[in-house]
Amino acid sequence: MPTEVIDIVDTAVKIGLGALISGIATYRITNLNHDREIEKSRISRQRELLEEIAGQTEQFSNAVLKYWAYMVEYVRKNDRKGAIPEELNQRIETASKAVFDTFSFLSSAEGKLILLGADEAQVILREYGEFVKTFKRTVWQGNTNLTEQELDEYRTQILEKRRSLYREIRRAYEKGT
C-alpha cells in the first residue's frame with residue numbers, strides 16, 4: 001500500500017509539473033506572438049504613412065513641374081517677342097494655384113515624417129519646400145529677365161531635391177523608421 005500511495009503522488013506531481021510547464025510555455029509563446037503582431041502592425045502602419053507621404057510629395061511635385069512647363073512655354077513665346085495667348089496666362093494661373101493648394105500636402109507629409117521620427121527625411125522635405133518657394137518667387141510672368149536656361153537649372157534642382165527626398169523615404173521604409 002505505501003508504494004501505491006507513492007506511485008500516485010509521483011504521478012500526480014509529474015502531471016502537475018507537466019501542466020505547469022505547459023502553461024508557462026503557452027503563456028510565453030502567446031506573449032511573444034502578441035509582441036510580434038504589435039511590431040508587425042506598427043511597421044505596416046509606418047510603411048502606409050511613408051507611402052502616403054510619397055504620394056503627397058508626388059502630387060506637389062507634379063503641380064510644380066506643370067507650372068515649370070507652362071513658364072518655359074511662356075519664356076519661349078516672350079523671347080520670340082510673340083504675343084502671349086490669354087489661354088497660356090490662364091494655364092499658368094491655374095498651375096500656380098495648384099502649387100499653392102498642394103503645398104498643404106507637403107506640410108501634411110512633413111508632420112507625418114516628424115511623427116515617424118524620420119528626421120533626415122523631414123529636413124530634406126523642408127528644404128525642398130523652401131526651394132520651391134524661392135522658385136515660385138523668381139519664376140513668374142512679371143520677371144522679364146527670366147531665361148529658358150535658368151528655368152532648366154531650376155528643374156534640375158527640383159528633380160534632385162525630389163530624388164534626395166525619395167532616397168531618404170526609401171531608407172526609412174526599408175528599415176521601418
Side-chain angles (χ1 to χ4, degrees), residues 38-177:
I38 289 173
E39 182 63 15
K40 198 163 115 179
S41 177
R42 183 187 69 78
I43 289 171
S44 175
R45 181 64 183 139
Q46 285 177 341
R47 286 185 170 173
E48 287 172 13
L49 284 173
L50 289 168
E51 288 167 4
E52 276 181 42
I53 290 164
Q56 290 174 316
T57 302
E58 196 54 31
Q59 285 180 301
F60 175 75
S61 295
N62 284 338
V64 169
L65 292 172
K66 188 179 230 180
Y67 177 78
W68 171 85
Y70 290 147
M71 287 305 300
V72 167
E73 187 178 346
Y74 180 88
V75 167
R76 284 179 183 159
K77 288 193 183 299
N78 202 28
D79 284 349
R80 293 184 193 129
K81 306 293 185 217
I84 307 295
E86 185 55 36
E87 175 189 307
L88 178 57
N89 282 323
Q90 289 172 349
R91 286 186 299 184
I92 290 171
E93 288 304 315
T94 301
S96 179
K97 185 179 178 328
V99 171
F100 180 79
D101 291 344
T102 58
F103 218 98
S104 65
F105 294 165
L106 224 52
S107 297
S108 173
E110 184 178 13
K112 289 173 188 167
L113 288 170
I114 290 169
L115 177 70
L116 291 172
D119 297 333
E120 186 62 31
Q122 182 266 326
V123 167
I124 293 169
L125 181 70
R126 174 155 297 270
E127 289 171 357
Y128 179 40
E130 293 297 324
F131 182 78
V132 169
K133 278 200 291 191
T134 301
F135 164 73
K136 280 283 285 137
R137 287 180 182 144
T138 306
V139 177
W140 60 290
Q141 294 102 311
N143 184 348
T144 56
N145 298 325
L146 201 55
T147 66
E148 195 173 338
Q149 180 182 354
E150 189 177 2
L151 283 168
D152 286 342
E153 289 170 9
Y154 271 116
R155 181 179 182 275
T156 300
Q157 290 177 333
I158 287 168
L159 291 175
E160 181 52 41
K161 291 186 181 305
R162 178 178 160 264
R163 189 174 11 264
S164 294
L165 176 62
Y166 276 112
R167 229 179 275 126
E168 193 57 38
I169 289 173
R170 184 179 61 233
R171 193 171 298 131
Y173 190 88
E174 288 171 349
K175 75 175 186 175
T177 337

Take K66 and R91, measure what side chain to side chain contact (heavy atoms under 4.5 Å, CB included) needs, and give me the verdict at the end. CA-CA 9 Å; K66 188 179 230 180; R91 286 186 299 184; over 6 Å; no

Using only atom types and a distance under 3.5 Å, with no angle test, would you say the side chain of S96 pairs donor to acceptor with the backbone of I92?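 No, because the side chain of S96 does not come within donor-acceptor range (under 3.5 Å) of the backbone of I92.
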
Answer with yes or no after comparing the ring centroid distance for F60 and F105 against a 6.0 Å cut-off, counting only values under it.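 When the ring centroids of F60 and F105 are compared, they turn out to be at least 6.0 Å apart.
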
Consider only side-chain N and O atoms of T138 and Y154, and report whether a donor and an acceptor are under 3.5 Å apart.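 Yes, Y154 and T138 have a side-chain donor paired with an acceptor closer than 3.5 Å.
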
Donor-acceptor pair between E51 and Y173 side chains, under 3.5 angstrom: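 A donor-acceptor contact under 3.5 Å links the two side chains.
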
Candidate pair E168 and Q122, rule side chain to side chain contact (heavy atoms under 4.5 Å, CB included), full reasoning: CA-CA 9 Å; E168 193 57 38; Q122 182 266 326; over 6 Å; no

To the nearest 0.5 angstrom, please state how far the [atom1] atom of [X] sits from the [atom2] atom of [Y].
X: R163; Y: R170; atom1: CZ; atom2: CZ; result: 11.0 Å
X: I53; Y: E110; atom1: CD1; atom2: CD; result: 10.5 Å
X: E73; Y: N78; atom1: CD; atom2: CG; result: 12.0 Å
X: E48; Y: I43; atom1: CD; atom2: CD1; result: 12.5 Å
X: L88; Y: Y70; atom1: CG; atom2: OH; result: 8.5 Å
X: Q59; Y: S104; atom1: CD; atom2: OG; result: 9.5 Å

Decide yes or no for [X] and [Y]: does some side-chain heavy atom of the first lie under 4.5 Å from some side-chain heavy atom of the second?
X: E153; Y: Q157; result: no
X: L49; Y: Q46; result: no
X: E58; Y: R162; result: yes
X: D79; Y: V75; result: yes
X: V132; Y: Y67; result: no
X: R45; Y: R42; result: no
X: L113; Y: L50; result: yes
X: N89; Y: Y74; result: yes

Could you please spell out the steps behind the side-chain hydrogen bond (donor to acceptor under 3.5 Å, both in side chains) verdict for S108 and Q56? CA-CA 8 Å; S108 173; Q56 290 174 316; 3.1 Å; yes

Check the pair F100 / K136 against side chain to side chain contact (heavy atoms under 4.5 Å, CB included), numbers first and verdict last. CA-CA 10 Å; F100 180 79; K136 280 283 285 137; over 6 Å; no

Quick one: side chain to side chain donor-acceptor pair (under 3.5 Å) partners of S164, sequence neighbours excluded?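 Partners of S164 under the side chain to side chain donor-acceptor pair (under 3.5 Å) test: E160.
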
Check side chain to side chain donor-acceptor pair (under 3.5 Å) between R155 and all other residues, then give those that pass, not counting sequence neighbours.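 In terms of side chain to side chain donor-acceptor pair (under 3.5 Å), with neighbours along the sequence ignored, R155 is linked to no residue.
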
Please determine if K161 forms a cation-pi arrangement with F131, meaning its NZ or CZ atom is less than 6.0 Å from the six-membered ring centre and no more than 45° off the ring axis.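 Relative to the ring axis of F131, which defines the angle, K161 lies inside both limits.
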
salt_bridge(E148, R76) N-O dist < 4.0 Å: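 Counted as a salt bridge, because a side-chain N and a carboxylate O are separated by less than 4.0 Å.
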
Between E120 and R171, does any NZ, NE, NH1 or NH2 come within less than 4.0 Å of an OD or OE carboxylate oxygen?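 No, this pair does not count.
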
For E87, is the CD atom crowded, meaning more than 12 foreign heavy atoms sit under 6.0 Å from it?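 No, CD of E87 has 12 or fewer neighbouring heavy atoms, counting only those of other groups under 6.0 Å.
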
If the condition is salt bridge (charged side-chain N to carboxylate O under 4.0 Å, His left out), which residues does K112 pass it with, not counting sequence neighbours?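 Partners of K112 by the salt bridge (charged side-chain N to carboxylate O under 4.0 Å, His left out) criterion, ordered by chain and then number, come out as E52.
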
